[in-house]
Chemist: 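Below is a structure I'd like to ask you about.
Throughout, protein chains are lettered first and strands after them, A, B, ... in sequence-line order, and every chain is numbered starting at 1.
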There are 2 protein chains.
Amino acid sequence: MSDVAKVAGVSHQTVSRVVNGHPNVREETVARVRHAISELGYHPNSTARALVTRRTNVLGALAVDTTLFGPSQTLAGIEQAAREAGYFLSIVSADDPSPDGVAEAMDHLVQQSVEGCVAIAPQRELVHALAALPGPRPLVAVEGGEGAGFPVAGVDQEQGARDAVRHLLDLGHRTVHHISGRSDWLEAEARVHGWREELRAAGRTVTEPLPGDWSPRSGYELGRRLAELRAEGEEVTAVFVANDQMAVGVLKALHEAGLGVPGDVSVVGFDDIPEAAYLTPALTTVAQDFTRVGTAALELLLGALDAPSADAPADRTVPAVLRVRDSSAPPPA
Amino acid sequence: MSDVAKVAGVSHQTVSRVVNGHPNVREETVARVRHAISELGYHPNSTARALVTRRTNVLGALAVDTTLFGPSQTLAGIEQAAREAGYFLSIVSADDPSPDGVAEAMDHLVQQSVEGCVAIAPQRELVHALAALPGPRPLVAVEGGEGAGFPVAGVDQEQGARDAVRHLLDLGHRTVHHISGRSDWLEAEARVHGWREELRAAGRTVTEPLPGDWSPRSGYELGRRLAELRAEGEEVTAVFVANDQMAVGVLKALHEAGLGVPGDVSVVGFDDIPEAAYLTPALTTVAQDFTRVGTAALELLLGALDAPSADAPADRTVPAVLRVRDSSAPPPA
DNA sequence: CTGAAAGCGCTTACAG
DNA sequence: CTGAAAGCGCTTACAG
């Protein structure tokens, strides 16, 4: 900056003024300074600026298992929103949702003096660990479940699950089986809950959920189990699968068992991954708008940054939307 | 820090010494300082430190379309490797590979004073834009293609493609059709090249590649085209599809056309997405180890950081590995 | 083993 | 409209 000042023949604070667009600088001076800046290829040192303004302009993001579709999409949404708001985004992943793992990850963010943080926190354990930590504040959670002391942005999982079940019931199925996600995930729990409640509200039998782990493999195994149940005489005509990846496995298992979808069994997934519409049969599923969730989370964070004292910031819930395709139909006559 | 010094009854630079683990501090002093630190919940200000050491400890990552499996996996690999190396990772995405879009994204990184940058640069245009930019340096590219002036880490796309074709040829197919990826992507080009060369080396007919765009939808459309070609009398017994998502669409199109896989047509994909093994039939594909690519990219960057003068840093190539499953078999008799 | 001094590159009042 | 001064919170030689 002092080099620029020298070349332009002004003091370094005049340079600062033009860099920061302050008024009260003669036009000709501005021009001279700008010229010197581009001539020297000068870039303001963000570190020095941050030191004096006490604003780093960086936000932190805690990411989890990005091999999963949802988390990786959400992260992209957050990044985009952060950049639009003029912030830098520093990410750290927590492969390990234990208190220690989370503490280490958050410490990384704290060390960096982030101004705030959004945590993708789909697991119950992770949310608890986050709440217990001094960590960076303000903090907003994505898919985190309420009551942990920070605002939450997420998709209305329960509504999505209810819509899926209702769709199947409307088709004429007497009940709907469920293959659930990892039990430590809040989303898995919310979908189980929505599924169960919709069934109860309709006065239908509620079977035991088959516990999956989100992976195609577990979907496959549980799909086989479903076929066995059917072979044993249980009425299995429809299944709501907690995510599309498992649904892929279910489709395969059912096919191998000689069961037609949707002829014998209807299948509904969750997520609407890009492949969903091109599976055989095209998968009926519940779409989540992860980009909107990311944007909503960032709005919440920005709000907290603007008004740190505001108590009880409202959560943000994005609706889930059912997309009916070819894997669901009326039950066999 | 001065508060800590006061509480511990030492000067602030002694505090600095214990924080930075310098030798030559009396044990008892260290203990007193540590005590004061934890009592006050003190965290060193990374900004102030960065200002004086001239090291921000942050690395930048340029990400592209993270809805795609590969890029999002690679990013995760980079993040992990960066953290292990003690760096922070700031990400910025370039949805737009044009010079302007890239310039804006890289500028964001420059403003942040990153010490180096790894760019996921799968498109030719993006690589050129990167090379033309003053941008942050050192810079290493992932999947970027050589000759742009910075080291590159990536999977051996050509070898992967050749392996896929060889596998099909060994099965007895006379030739192999190809559904390619987005033509502006270097990986798409490398796979086309590998496919073509392997066919040529074996003296087989090289058909015109069918140009896809990576999406399941384009796979579906091109799969239909393939079925038409076959109906018109062309010998279509095997197809190498440039990624698994398109292969999903191809499988659907073939199925709808009444063509069996692998009975009538063998299909081989690329990527080995989690769903691949659970499609019907389980997809033979070429796996890429994105985590290793991310790690390799970071090693390259760290090397460049250590020895900025080292000329012609070697590129790093990770082998692709063919995974034979159920979608490939000998041609119909 | 420990402290006084200088300085990293900026911005923010304060003068003029 | 513009400059001299102080200070953000650290680290790095330099003394002692």
Side-chain angles (χ1 to χ4, degrees), chain A residues 1-58 86-88 107 109-115 136, chain B residues 1-58 86-88 107 109-115 136:
Chain A
M1 178 172 258
S2 65
D3 290 345
V4 174
K6 212 169 296 169
V7 170
V10 297
S11 72
H12 71 274
Q13 48 224 312
T14 295
V15 175
S16 171
R17 277 190 266 263
V18 347
V19 165
N20 294 294
H22 284 190
N24 299 349
V25 184
R26 246 200 317 169
E27 249 187 55
E28 189 227 317
T29 311
V30 172
R32 251 200 350 259
V33 172
R34 283 204 199 295
H35 185 75
I37 285 176
S38 68
E39 185 176 321
L40 265 37
Y42 166 78
H43 271 283
N45 179 314
S46 60
T47 305
R49 174 181 293 172
L51 183 57
V52 49
T53 58
R54 294 149 169 298
R55 297 210 39 202
T56 56
N57 247 285
V58 2
Y87 283 91
F88 303 117
D107 188 54
L109 256 22
V110 169
Q111 278 177 35
Q112 217 178 150
S113 315
V114 297
E115 290 184 32
Chain B
M1 179 172 258
S2 65
D3 290 344
V4 174
K6 212 168 298 166
V7 170
V10 297
S11 72
H12 71 274
Q13 49 224 312
T14 294
V15 176
S16 170
R17 276 191 266 261
V18 348
V19 165
N20 294 295
H22 285 190
N24 298 349
V25 183
R26 247 201 314 171
E27 250 188 55
E28 190 227 315
T29 311
V30 172
R32 243 189 10 247
V33 171
R34 283 204 200 294
H35 184 76
I37 286 176
S38 68
E39 185 175 321
L40 265 37
Y42 166 77
H43 270 283
N45 180 315
S46 61
T47 304
R49 176 182 291 172
L51 182 58
V52 49
T53 59
R54 292 149 171 300
R55 297 209 41 202
T56 55
N57 246 287
V58 2
Y87 282 92
F88 304 117
D107 187 54
L109 257 21
V110 169
Q111 278 178 35
Q112 216 177 150
S113 313
V114 297
E115 289 184 32

Chemist: Could you check how far NZ of Lys6(A) sits from P of dT2(D), rounded to whole Å?
Modeler: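 Going from Lys6(A) (NZ) to dT2(D) (P), I get 20 Å.
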Chemist: Atom CG of Asp3(B) and atom C1' of dG9(D): how far apart are they, to the nearest Å?
Modeler: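 Checked: the CG to C1' distance equals 11 Å.
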Chemist: When you get a sec, tell me which of dC10(C), dC8(D), dG3(C) is the closest nucleotide to the side chain of Arg54(A)?
Modeler: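 Looking only at side-chain atoms, Arg54(A) lies closest to dC8(D).
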Chemist: Check the distance between dC10(D)'s C1' and Gln111(A)'s CD and give it to me in whole angstrom.
Modeler: 15 Å
Chemist: Once rounded to the nearest 0.5 Å, what's the spacing between atom CD of Gln112(A) and atom CG of Asp107(A)?
Modeler: 11.0 Å
Chemist: Using the side-chain heavy atoms of Leu51(A), tell me which of these nucleotides is nearest: dG3(D), dC8(D), dT12(D).
Modeler: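 Of dG3(D), dC8(D), dT12(D), dC8(D) is nearest to the side chain of Leu51(A).
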Chemist: Please determine whether the number of non-hydrogen atoms from other residues, nucleotides or ligands lying under 6.0 Å from atom NE2 of His22(B) exceeds 12.
Modeler: yes
Chemist: Roughly how far, to the nearest 0.5 Å, is NE2 of His12(A) from OG of Ser2(A)?
Modeler: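 So the OG of Ser2(A) and the NE2 of His12(A) are separated by 8.5 Å.
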Chemist: Heavy atoms from C-beta onward define the side chain here; which of dT11(D), dT12(C), dT2(D) lies closest to that of Thr53(A)?
Modeler: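 Comparing dT11(D), dT12(C), dT2(D) against the side chain of Thr53(A), the answer is dT12(C).
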Chemist: Do Thr56(B) and Ser113(B) pair up side chain to side chain, a donor and an acceptor below 3.5 Å, judged on atom types alone?
Modeler: no
Chemist: Enter the distance from Glu115(B):CD to Phe88(B):CZ here, rounded to the nearest 0.5 Å.
Modeler: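 So the gap between those two atoms works out to 10.5 Å.
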Chemist: Could you tell me how far apart His22(A) (NE2) and dA13(C) (C1') are, to the nearest whole angstrom?
Modeler: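 Roughly 12 Å, once rounded to whole Å.
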Chemist: With nearest nucleotide decided by heavy atoms, which residue, Asn24(B) or Ala48(B), maps closer to the 5′ end of DNA chain C?
Modeler: Asn24(B)
Chemist: By nearest atom, which of the nucleotides dC8(C), dT11(C), dC10(C) is closest to the Asn20(A) side chain?
Modeler: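 Closest nucleotide to the Asn20(A) side chain: dT11(C).
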Chemist: When rounded to the nearest 0.5 angstrom, what distance separates CD in Gln111(B) from CZ in Arg49(A)?
Modeler: 8.0 Å
Chemist: Identify, between His12(B) and Pro44(A), the residue whose nearest nucleotide on DNA chain C lies closer to the 5' end.
Modeler: His12(B)
Chemist: Is the shortest side-chain N/O distance from Arg49(B) to OP1 or OP2 of dG9(D) below 4.0 Å?
Modeler: no
Chemist: Find the distance Gln112(B):CD to dC10(C):C1' and express it as a whole number of Å.
Modeler: 17 Å
Chemist: What is the pairing partner of dC1(C), taking Watson-Crick or G-U wobble pairs with both distances under 3.5 Å in any strand?
Modeler: dG16(D)
Chemist: Considering only side-chain heavy atoms of Val52(A), which listed nucleotide, dC8(D), dG7(C), dT2(C), is closest?
Modeler: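 Looking only at heavy atoms from C-beta outward on Val52(A), the closest nucleotide is dC8(D).
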Chemist: Does dT2(D) have OP1 or OP2 under 4.0 Å away from a side-chain N or O of Thr29(A)?
Modeler: yes
Chemist: Find the distance Asn45(A):CG to dC8(C):P and express it as a whole number of Å.
Modeler: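 About 11 Å, once rounded to whole Å.
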Chemist: How is Val19(A) classified with respect to the nucleic acid when contacts are heavy atoms under 4.0 Å: base, sugar-phosphate, or nothing?
Modeler: nothing
Chemist: Rounded to the nearest Å, what distance is computed from the CZ atom of residue Arg32(A) to the P atom of nucleotide dC1(D)?
Modeler: 14 Å
Chemist: Rounded to whole angstroms, how far apart are NE2 on His43(B) and C1' on dC8(D)?
Modeler: 19 Å
Chemist: Would you mind telling me which of dT2(D), dC8(C), dT11(C) lies closest to the side-chain atoms of Ser16(A)?
Modeler: dT11(C)
Chemist: Which of these nucleotides, dG3(D), dG9(C), dC1(D), is closest to any side-chain atom of Arg17(A)?
Modeler: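 Nearest to the side chain of Arg17(A) among the choices is dG3(D).
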